Amino acid sequence: MHLMLNEKATPFNLEHTLDCGQVFRWEKKNDCRYGIVGETIIKLKQEGEKPIFEISQKNGDIDFIRNYFRLDDDLPLVITRISRDAIVQRAVEELYGLRIIRQDPWECFISYICATFSNISRVRGMVWNLSRRFGRKIAYDGLTFYTFPSKKSLAEATAGELLDCKLGFRARYVREAAKMIEDCDFDFEALKKLSYGEAKKQLLCFPGVGHKVADCILLFSLEKLEAFPIDVWVKRIVSNYYYGNFPEFELIRDKELTPRLYNRISAFGREYFGEYAGYAQEYLFHYYRFHSQSLKCMTVHKSVIG
DNA sequence: ACATCCCCTTAGCC
DNA sequence: AGGCTAAGGGGAT
């Protein structure tokens, strides 16, 4: 079933959106992108300004796509709001059309627990292994997909099974967190109604969920666009370009990312970029990570505000 | 070919 | 309280 986007003025770049590291289950095949969202396979292709979609469900509708890719976000407005300086503007210019994806909270929760002390390609492997072992197989276009495991199946998984999925020390976190969620019938949707701070506090109660993981879950699945996750890359970017916003920041640049420092940098992001700070984070992260060589070689650090 | 480093965040211990 | 440490597998050198 083919779908067309009507919105003429909806900037949407598939490549930047799928390759910026926010999602782990999309694959490239002959010029096309394939992804599984819930029980639905989405196939898409960028044709000029906007992507063309094909989805596996017979009565699939455009709202499904619109919801997943957050086409309800007014991206030009978001970009206006976050374009506070030349540093972000450079990233926004090159990555124009990058959108934050609205993920399923449960899948996002487990995926980012797996992302602890790891990198994107490895997380992709872990999520693939989990889905293959605990999910349901779906064939489409001659390709094989697996649905993301249910809460129950991960809560009941043995430590050995999770270790086989290459989760390493994260196996224990996934098992215990899944059990907690299954046992108390935890309601992710309820977190959407809470403030950023309240919702984060609840997520931090789960094993394997620290500040970074909680902020990613909030940003990518719980409607908290002000969340500003700090990983080593974002810390590097902020130390390089925004140190002027921190009185003693030069002393901090080589220090490890303690919870205290995390909170300071993250709070800076929310205050400086505003209600769409998470978008700023994604643009900065993807742009400067891709151009990491220039970030590393940078010897002159000019502060934005000073 | 084979070692050896590098990548990364959480939790638990003092 | 806050600094230190360990954990794991893949990719680069």
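Convention: sequence-line order gives letters A, B, ...; per-chain numbering from 1. From a predicted model like this one, the values you see are computed outputs, not experimental measurements.
Side-chain N/O atoms of A/Trp233 include one lying less than 4.0 angstrom from OP1 or OP2 on B/dC8.
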Next item on the list: Can you check each nucleotide of nucleotides 4-10 of chain C against protein heavy atoms at under 4.0 Å and return B for base, S for sugar-phosphate only, - for none, in 5' to 3' order?
Entry: B--BBB-
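The pair A/Lys201-A/Glu198 meets the salt-bridge criterion, since a charged nitrogen lies less than 4.0 angstrom from a carboxylate oxygen. A salt bridge links A/Lys43 to A/Asp141: one of the charged nitrogens lies within less than 4.0 Å of a carboxylate oxygen.
Whole-Å rounding puts the A/Asn263 CG to C/dA1 P distance at 14 Å. For A/Leu261 and B/dT9, the CG to P distance is 13 Å, given to the nearest whole Å. Between A/Arg236 atom CZ and B/dC6 atom P the separation is 12 Å, expressed in whole Å. The separation between A/Ile120 atom CD1 and C/dG11 atom P is 14 Å, rounded to whole Å. Atom pair A/Arg289:CZ and B/dC8:C1' shows a separation of 11 Å (rounding to whole Å applied). The separation between A/Ile230 atom CD1 and B/dT10 atom P is 12 Å, rounded to whole Å.
Under the 3.5 Å distance criterion, with hydrogens and angles disregarded, a donor-acceptor pair is assigned to the side chains of A/Tyr196 and A/Asp215.
The A/Val213 side chain lies nearest to B/dT10 when the options are B/dT10, C/dG3, C/dG2.
Note on ring orientation: taking the six-membered ring where Trp is involved, the planes of A/Phe188 and A/Phe186 are perpendicular (angle over 60°, cut-offs 30° and 60°). Note: A/Phe69 and A/Phe53 have tilted aromatic rings, judged against thresholds of 30 and 60 degrees for the angle between ring planes. The aromatic rings of A/Phe268 and A/Phe273 lie perpendicular to each other, with more than 60° between the two planes, well past the 30° mark.
For A/Glu156, the side-chain hydrogen bond (donor to acceptor under 3.5 Å, both in side chains) partners at least two apart in sequence or on another chain are A/Lys152.
Taking a 4.0 Å limit (strictly below) on heavy-atom distances, residues 199-212 of chain A reaches DNA chain B at A/Phe206, A/Pro207, A/Gly208, A/Val209, A/Gly210, A/His211, A/Lys212.
Ring centroids of A/Trp128 and A/Phe24 are separated by 6.0 Å or more, keeping the two rings apart.
Judged by the 6.0 Å distance and 45° axis criteria, A/Arg84 is positioned over the aromatic ring of A/Tyr272.
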